[in-house]
Amino acid sequence: LRDAGLTQAFVSLHAHEESLSRLATQKVGDFARTVKAVKLMLEAGIATGLNHVITARNYRFIERFIELAHREFDGRTMISLSLVTPQYKALEDLEQMPRISDVMPYLRRAMRRALELGQPFTVGSRQGIPPCFLKEFAGWSDLMKHAHEARSEDAPQKKRSPRCDECRYTNLCVGVWRCLLY
């Protein structure tokens with residue numbers, strides 16, 4: 001792939017171990033193959049990021065995922081942490097959508113752990129975690145990078161609270177998904 005011109009990759013890895021990964025991907029052995037592929041890409045000099053989608057099944061293990069990624073990839077991958085979005089196939093199984101309030105204690109512990117380890121990460125605002133929920137970790141939100149796409153593509157599907165007008169991010173953030181109760 002490198003010889004063909006690949007310089008960067010964004011790889012989905014949604015768990016810290018095989019059985020939880022299998023629930024997310026519905027594929028046996030996918031976890032080990034993905035970990036190996038990421039290692040090979042890093043060895044080949046391909047900048048590789050990890051897409052970790054947070055669901056009702058895996059949010060309790062975000063810190064373990066951070067530790068796995070740091071251990072396996074020596075902190076050389078950027079981890080994108082984002083909620084599963086209520087779109088496409090996910091609409092067939094809304095029970096996989098966690099409440100932000102349930103996720104946040106686990107996500108905060110994981111972000112603290114990532115900082116302790118020196119593990120780079122970002123948090124997906126378009127995927128459902130507005131910076132106001134991140135509090136002291138708001139600087140790790142990708143809100144600034146994706147505000148235009150969020151406004152044009154996501155705004156009709158999201159809802160803002162009246163308190164959003166008081167937030168420092170009011171001109172950038174389009175809120176949370178309408179179909180979910182947070």
Side-chain angles (χ1 to χ4, degrees), residues 10-27 30-32 34-35 38 48-87 89-91 93-146 150 154 158-159 161 163-164 167 169 173-182:
F10 190 53
V11 179
S12 292
L13 187 60
H14 307 305
H16 67 288
E17 51 87 29
E18 173 66 34
S19 63
L20 193 55
S21 179
R22 190 176 313 137
L23 282 174
T25 66
Q26 302 297 303
K27 296 178 183 177
D30 193 49
F31 175 79
T34 302
V35 169
V38 170
T48 307
L50 299 177
N51 178 32
H52 185 69
V53 176
I54 300 166
T55 69
R57 296 177 186 113
N58 71 2
Y59 75 86
R60 292 174 184 88
F61 306 103
I62 306 168
E63 186 174 0
R64 288 187 193 171
F65 179 81
I66 294 289
E67 291 171 343
L68 165 100
H70 187 265
R71 181 180 62 249
E72 292 293 329
F73 312 125
D74 303 317
R76 296 184 293 154
T77 57
M78 169 64 78
I79 299 173
S80 174
L81 300 166
S82 58
L83 286 179
V84 61
T85 60
Q87 298 176 311
K89 285 283 276 178
L91 289 171
D93 183 12
L94 287 178
E95 288 188 12
Q96 70 178 314
M97 309 286 172
R99 291 176 174 257
I100 294 176
S101 58
D102 292 341
V103 170
M104 289 315 300
Y106 295 92
L107 182 57
R108 279 195 189 87
R109 278 196 296 274
M111 290 185 291
R112 280 189 204 96
R113 185 66 177 138
L115 291 176
E116 288 171 4
L117 295 170
Q119 173 62 57
F121 69 94
T122 187
V123 180
S125 62
R126 283 190 71 192
Q127 294 79 18
I129 306 177
C132 61
F133 281 86
L134 297 175
K135 297 182 181 174
E136 71 273 23
F137 296 102
W140 281 268
S141 172
D142 68 358
L143 178 72
M144 302 294 200
K145 183 177 181 183
H146 298 292
D154 302 343
K158 291 189 173 181
K159 182 166 178 73
S161 147
R163 290 180 48 200
C164 291
C167 178
Y169 303 104
C173 183
V174 294
V176 296
W177 296 100
R178 286 182 186 274
C179 69
L180 300 178
L181 298 174
Y182 291 95

Of all pairs that satisfy side-chain hydrogen bond (donor to acceptor under 3.5 Å, both in side chains), the ones with a partner from residues 69-82, not counting sequence neighbours:
Lys39-Glu72
Which side-chain hydrogen bond (donor to acceptor under 3.5 Å, both in side chains) pairs, counting each pair once, include a residue from residues 131-140, with sequence neighbours left out?
Arg112-Glu136
Pairing residues for Asn51 by the side-chain hydrogen bond (donor to acceptor under 3.5 Å, both in side chains) criterion, not counting sequence neighbours:
Ser12
My understanding is that only residues two or more places apart in sequence, or in another chain, count here; which of them pass side-chain hydrogen bond (donor to acceptor under 3.5 Å, both in side chains) with Asp142?
Ser125
Any heavy-atom pair between the side chains of Met111 and Leu134 that's under 4.5 Å?
yes
Suppose we screen for salt bridge (Lys or Arg N to Asp or Glu O under 4.0 Å). Which residues come up paired with Arg109, at least two apart in sequence or across chains?
none
Just distance, no hydrogens or angles: give the donor-acceptor pairs under 3.5 Å from side chains in residues 52-62, sequence neighbours left out.
from  : atom 1 : to    : atom 2 : distance (Å)
His52 : ND1    : Leu13 : O      : 3.0
Thr55 : OG1    : Arg57 : N      : 3.1
Thr55 : OG1    : Asn58 : N      : 3.3
Thr55 : OG1    : Asn58 : OD1    : 3.4
Arg57 : NH2    : Asp93 : OD2    : 2.7
Asn58 : OD1    : Thr55 : N      : 2.6
Asn58 : ND2    : His14 : O      : 2.8
Asn58 : ND2    : Val53 : O      : 2.9

Partners passing side-chain contact (heavy atoms from CB on, under 4.5 Å) against [X] (at least two apart in sequence or in another chain):
X	answer
Pro120	Met78
Lys159	Arg178
Glu116	Arg113

Quick check on side-chain contact (heavy atoms from CB on, under 4.5 Å): which of Val11, Leu50, Thr25 does Thr34 satisfy it with?
Val11
Within a 6.0 Å radius of atom CZ on Arg64, are there more than 12 heavy atoms belonging to other residues, nucleotides or ligands?
no
Just how far is it from atom [atom1] of [X] to atom [atom2] of [Y], taken to the nearest 0.5 Å?
X	Y	atom1	atom2	result
Phe31	Glu17	CZ	CD	7.0 Å
Leu107	Ile100	CG	CD1	10.0 Å
Cys173	Phe133	SG	CZ	9.0 Å

Closest contact, heavy atoms only, Ala114 versus Phe121:
CB-CD2, 3.5 Å
